[in-house]
Amino acid sequence: MIHDVAVLGGGIAGAAAALRLAQGGARPLWIAAPRGNAFKPGEHLSAAAIPLLKTLGSDAMLRAQVHRHAHGTYSAWGSNLLVARNAIVQLEGPPTVLDRGAFEDALTAQAIAAGATRFEEDVTGVTVVDGCWHLDVAGQAVKAGFVFDATGRKAVVAGQYAARFQADKLACQYAVFACENGEAPRPVTLIEAEERGWWYMSLLADNRAVVNFYTDADLPGFKNAALETQARVPEAIGAYLRDYGFAMQSVPRRITTNSSWVAPAIGAGWVAIGDAAAAFDPLSSHGMTTALWTAIQASDAYLAQDRGAMQAYSDSVAKGVQEYLEARHAVYARERRWVKSRFWARRVALAGHPQDAEPSPV
Ligand SMILES: Cc1cc2nc3c(=O)[nH]c(=O)nc-3n(C[C@H](O)[C@H](O)[C@H](O)COP(=O)(O)OP(=O)(O)OC[C@H]3O[C@@H](n4cnc5c(N)ncnc54)[C@H](O)[C@@H]3O)c2cc1C
């Protein structure tokens, strides 16, 4: 049996594509291992995602009690003064702080209810024979005429069939903290730059806090496991954690957060969506919105069986990468206190255009 279309990957991009394709009558085979219980970082959903969720008929899921509005973001960036970026002045509205697992589960349930067939395994090999995809899944050869690559930064299809570019070496070390003094912590997000990189702390919807430290993967600050020595946590974040009696609950984990993308984002019989197409610096807070947007655009182009629409999708991804790189350059350029440190010196020289980026070694 040859499936018309297979979606690979069980994150937000994969779930949204499986849902959109099923809503359009395409009966997708969705190949995605179960999520598991591990904490997945990335909880700030931009208000720009709401129209996309409405398109999918999924916006009501944001009203679930497990999520909450983000009310205040404060950053010490360019000076040691904490500056408020209050939700009231964000024109598109306040972001939502998601219970990420609950959100992904709700999208998954909706995709299956709409008619997507889920195969709960990873794809371990991909080949094309006479224009048909042969996917190795749990020892079976699954065949499909068209493939959506939603496998995140692994990009198991796009990484083989298109060039992947990488614009920096940013990586993150993160840990979850639990509040032990019983007091309800003030819901805030704090961003603090320091000599070796920058920190991010956000109160999660369940009143735990996630603390992320970002620097380049090849710099000593990353290898020194900064989060393990809580003394290194910067001033404002440190004071917040101390005041509310937060203690580290999880072993710090490391994850790649570089800016990388494929060009083009489409090929013969495949399309890349979400992080598999373009993965951004978490400072932009737009990864999940991009996952939803690319899933909808690519699904609609597939459903229309319109090559021009598919090309327009790929062109939009390339344009989005260009705009993103320019915006990233402008944001990092605002921090000038440590231009001699290797992390910030690299930011001064950041690639502002896709053609300045290096081919990805991955
Ligand atoms: C530290 C950090 C903080 C972030 N903060 C934010 C934030 O605040 N706001 C925001 O909008 N974004 C944030 N992001 C980005 C956001 O999490 C991603 O952009 C988003 O998860 C992309 O969704 P995706 O579905 O494309 O990829 P993923 O979520 O990575 O999902 C890919 C899926 O593919 C599966 N997969 C991989 N290989 C295979 C295979 N061979 N076969 C089958 N399945 C496979 C994986 O298991 C996974 O389930 C953050 C990211 C990080 C790392």
Side-chain angles (χ1 to χ4, degrees), residues 6-19 29-36 38-49 52 70 73 95-98 100-101 103-105 107-108 111 118-126 135-138 142 147-160 170-176 189 191 198-202 204-205 210-214 217 227 252-262 265 271-295 298 317 324:
V7 177
L8 318 186
I12 291 173
L19 170 58
L29 176 68
W30 182 20
I31 306 173
R35 181 175 65 77
F39 174 79
K40 188 167 177 177
E43 70 296 327
H44 262 70
L45 184 71
S46 159
L52 302 171
T73 298
T96 302
V97 177
L98 293 177
R100 179 77 184 252
F103 180 70
E104 293 199 4
D105 287 350
L107 264 188
T108 297
R118 181 148 173 182
F119 196 157
E120 295 203 335
E121 295 286 345
D122 274 341
V123 175
T124 50
V126 177
L135 309 166
D136 299 337
V137 190
V142 175
V147 163
F148 277 62
D149 185 351
T151 57
R153 288 166 181 273
K154 287 189 183 159
V156 298
V157 171
Q160 283 187 56
L170 193 74
C172 171
Q173 191 180 143
Y174 65 91
V176 177
T189 297
I191 297 170
W198 56 276
W199 293 74
Y200 167 99
M201 195 276 329
S202 192
L204 297 170
V210 65
V211 178
N212 301 357
F213 172 59
Y214 293 91
L227 264 178
R253 301 196 58 174
R254 294 174 181 165
I255 190 166
T256 298
T257 48
N258 60 36
S259 301
S260 55
W261 61 93
V262 290
V271 62
I273 58 175
D275 278 9
F280 299 146
D281 185 327
L283 194 56
S284 71
S285 234
H286 266 70
M288 290 187 281
T289 307
T290 303
L292 292 168
W293 184 85
T294 52
V317 172
Y324 156 75

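Numbers for residues simply follow the sequence, beginning at 1. For ligands, and for the atoms within them, numbers begin at 1 and follow the listed sequence.
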Residues with a heavy atom under 4.0 Å from ligand 1, by chain and number, are Gly9, Gly10, Gly11, Ile12, Ala13, Ile31, Lys40, Pro41, Gly42, Glu43, His44, Arg100, Asp122, Val123, Ala150, Thr151, Gly152, Lys154, Val156, Cys172, Asn212, Tyr214, Ile255, Thr257, Gly274, Asp275, Pro282, Ser285, His286, Gly287, Met288, Ala291
*asked:* For a side chain to side chain contact (heavy atoms under 4.5 Å, CB included) check, start with the C-alpha distance between Ser259 and Phe280, then their side-chain angles and the critical distance, and finish with the verdict.
replied: CA-CA 5 Å; Ser259 301; Phe280 299 146; 5.5 Å; no
For the residue pair Phe213 and Trp199, categorise the inter-ring angle as parallel (less than 30°), tilted (30 to 60°) or perpendicular (more than 60°).
tilted
- Could you check whether the rings of Tyr174 and Phe39 sit parallel, tilted or perpendicular, using 30° and 60° as the cut-offs? tilted
With no hydrogens and no angle check, is any side-chain donor or acceptor of Ser202 less than 3.5 Å from a backbone partner on Leu204? no
Please check if the side chain of Trp30 supplies one atom and the backbone of Ala111 the other of a donor-acceptor pair under 3.5 Å. no
One should read off an interatomic distance between Lys40 NZ and Arg100 CZ, to the nearest 0.5 angstrom, of 4.5 Å
